[in-house]
Every structure is written in C-alpha cells, then in structure tokens.
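What you see is a predicted model, and the numbers here were worked out from it, not measured in a lab.
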Amino acid sequence: MSLGATTMFFGTDIPTLVAGVVLLFSILLMLVRAIAGPTVWDRILALNAIGTKSVLVVALLGFMTKRPEFLDIALVYAILNFLATIAILKYARKRRLG
Amino acid sequence: MSPTIMLDVVLLALVIIAGIAAIEVRSLFAAVMLASIYSLLMACFWTTMDAVDVAYTEAAVGAGISTILLMGALVLTGETEIVRRAVHWPALGACMLVGALLVYGTLDMPKFGDENAPAHVHPIYAGYTQQDVRKHPGGKSHGDNVRAEQAAEHSEPEAHDETAHGHGDYFHGHVPNQVTSIIVSYRAFDTLFETAVIFTAGMGLIVLLRGRRGNPLKGGLL
C-alpha cells in the first residue's frame with residue numbers, strides 16, 4: 001500500500017489513520033452512553049449514532065484498502081439503520097409496532 | 001501490523017464490551033439496543049474480513065429484523081429483567097467444554113492470511129480469479145459488447161475463453177460463476193430442500209402468529 005510521496009504511518013496515510021482513530025473513539029463514547037444512558041432516548045440516539053459511525057467505518061475501510069466500491073455497502077447500512085431507528089422510535093412512542 | 005488488523009482488534013474489543021453489557025444490563029430495552037449495537041459492530045468486522053455477504057446478512061438480520069422482533073417481544077413482556085443470580089455449574093461446564101472443542105477444531109485451519117492455504121493453492125483458484133459471468137458457454141452476457149470494444153482497443157484475443165467455458169473447464173460446462181455452479185448445479189437438490197424447509201418454517205410461523213379473535217397477539221406482530 002503505497003501512496004507515493006504521502007507520509008505513511010502504521011501502513012496507512014495520516015488522514016485515514018486520524019479518521020479511523022476518531023471514528024473508533026467516538027463509537028466507544030456512544031457505547032458508554034448506550035450502557036449508562038439514564039433515559040430511553042439516550043440509548044436510541046446512541047444506537048443511531050453508532051449506526052452512522054459504522055457506515056463511516058465501512059466507507060473508510062473501502063478507501064483504506066483502495067476499494068471505493070465499499071460505498072455501496074455503506075449506503076445499504078445507512079438505509080437499514082434508518083429503518084431500525086424508525087421501528088424503535090415507533091415502539092418507544094406507541095408501545096406497539098402494528 | 002496492518003491498519004486493517006488494528007481496526008479488527010479495536011472493533012472486536014467494542015463488540016465484547018457491547019456483548020457483556022447486553023447480558024449484564026437490567027433494562028430489557030437497553031439490552032435490545034446493545035444487541036443491535038453488537039450486530040452493527042460485527043457487520044463492520046465482517047466487512048474488514050472481506051466477508052461482505054455475511055456483513056450484509058448481519059446488518060439486515062442482526063441490526064434490522066432482530067431488533068424489531070425483540071421490540072415486538074418487549075411489547076408482550078415487561079421492561080426489566082428479574083434479578084436471579086445463581087451460577088448453574090453444569091451449564092457453565094458444558095459451555096466451556098463446547099467452546100474448548102470449537103477452539104480445538106480451529107487448530108487444523110490454516111493461519112489467517114496464509115499464502116499456502118488450500119484456498120489459494122488449489123488449481124480451481126486460477127479459474128476463479130479469471131472467471132467471466134455468462135449464462136451459457138459462448139453465450140453473450142450483458143457486458144460483452146463493452147468487453148468486445150475493450151478487447152478491440154487492446155487487440156487482445158480472447159485467450160482464456162476456451163479453457164474457461166468449454167467442457168474441459170473446472171465447472172464441467174455448468175454455470176461459470178463458481179458460487180452459482182456449486183449451489184445451483186452440484187448442490188441443486190440440497191438448495192431446493194433448504195428452501196422448502198425455510199418456506200415451511202415461515203408458513204408455520206405465520207399460521208402460529210396470525211392470531212384469533214380475542215387473542216392478545218392479534219394485530220400485534222403481523
């Protein structure tokens with residue numbers, strides 16, 4: 001994996017590395033909120049944010065491994081995340097799914 | 001250490017945290033949320049392992065449908081788990097034994113990323129990497145015109161056409177795509193009856209959950 005003149009660090013370039021570290025750290029923070037979160041809404045928000053972060057992780061992975069086609073997978077994750085959040089919110093509001 | 005491996009390690013650590021938290025947390029709603037988070041992180045992990053199909057399934061079934069079904073179960077049950085702390089020693093022993101057997105079973109597998117693994121040295125691998133998706137040997141597929149133009153530009157004769165699609169190929173004249181060839185040609189009956197089993201299970205579930213008049217499930221789940 002060589003990018004020519006770009007400075008390399010741990011086998012990848014600096015922007016990708018920083019983005020990856022920031023993404024994973026924010027996932028950790030969301031996870032803490034999902035576990036500790038006192039209200040239901042904290043947890044729903046944490047789940048939705050982790051879904052968004054996983055979309056970004058998949059996209060970043062595509063660029064890390066030089067396969068930008070991974071963006072398609074990221075889009076599917078985004079749609080699924082949206083549907084799951086709608087269902088959870090509907091349950092939290094109405095206490096039923098039908 | 002490659003960046004993908006580092007990503008794997010961090011993701012798996014987060015997965016473990018989410019999994020333990022989903023077991024330990026008392027609020028069942030939080031447990032459903034954490035199970036969904038677990039599935040999302042596992043989907044990321046499968047993507048880094050290049051198992052994109054598994055990742056799709058994990059995201060759709062684990063984070064999507066399972067969450068909604070567990071929500072439906074929460075409608076019918078309480079919101080908090082009754083604390084009942086007692087270690088069932090025979091069950092723990094059985095779990096540890098099965099886990100140890102599974103780990104023992106993986107010892108025979110080639111190392112992760114091993115170039116000499118059977119999957120890479122088997123002669124069919126060459127045919128797999130050069131495969132061209134076409135329905136029939138010599139048939140025209142969707143991208144054939146594009147490919148013909150490209151071939152004309154590069155003035156490259158279709159060298160691998162005979163070996164890849166004739167009856168002397170690795171797929172014995174079946175569908176050239178390897179996965180399709182195995183599932184639809186060689187394991188056709190297996191796949192057919194698997195589909196029948198899944199269909200029967202689905203019909204049974206619909207009949208069971210359809211509900212009758214006065215049933216609390218009516219209009220609830222389906």
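Ala31(B) does not touch chain A: none of its heavy atoms, backbone or side chain, sits under 4.5 Å away. Of the two parts of Val76(A), only the side chain, counted from C-beta on, holds a non-hydrogen atom closer than 4.5 Å to a non-hydrogen atom of chain B. If you measure heavy-atom distances from Thr67(B) to chain A, the contacts under 4.5 Å come from the side chain alone. Proximity to chain B is limited to the side chain of Leu80(A), based on heavy atoms less than 4.5 angstrom apart. Contacts of Ala13(B) with chain A are absent, with no heavy-atom separation under 4.5 Å from either backbone or side chain. For a residue to count as touching a neighbouring chain, one of its non-hydrogen atoms must lie under 4.5 Å from one of that chain's; by this rule Leu23(A) does not touch chain B. Of the atoms belonging to Leu34(B), it is side-chain heavy atoms, and not backbone ones, that fall under 4.5 Å from chain A. Contacts of Leu61(A) with chain B are made by side-chain atoms alone, with heavy-atom separations under 4.5 Å and no backbone atom involved. For a residue to count as touching a neighbouring chain, one of its non-hydrogen atoms must lie under 4.5 Å from one of that chain's; by this rule Leu74(B) touches chain A with backbone and side chain alike. Residue contact with chain A, scored on non-hydrogen atoms closer than 4.5 Å, involves the backbone of Ala63(B) exclusively.
Each of Ile44(A), Leu83(A), Thr16(A) has some count of heavy-atom pairs under 4.5 Å with chain B, and the biggest count is that of Ile44(A). When Gly64(B), Ala59(B), Ala21(B) are compared by the number of non-hydrogen pairs under 4.5 Å with chain A, Ala59(B) comes out ahead.
Residue Thr48(B) holds its OG1 atom at 12.0 Å from CG of Leu60(A), rounded to the nearest 0.5 Å. In this structure, Ser36(B) OG and Ile50(A) CD1 are separated by 9.0 Å, a value rounded to the nearest 0.5 Å. The distance from the CG atom of Asn48(A) to the CE atom of Met33(B) is 10.5 Å, given to the nearest 0.5 Å.
Ser66(B) contributes a side-chain N or O that, together with a main-chain N or O of Val61(B), makes up a donor-acceptor pair within less than 3.5 Å. The closest donor-acceptor contact from the side chain of Arg43(A) to the backbone of Ile35(A) lies under 3.5 Å.
Taking the side chain as every heavy atom from C-beta outward, Leu89(A) and Trp41(A) approach each other to under 4.5 Å. The shortest side-chain heavy-atom distance between Phe199(B) and Thr195(B) does not fall under the 4.5 Å cut-off.
Ile37(B) and Ala18(B) get closest at one heavy-atom pair: CG2-CB, 4.3 Å.
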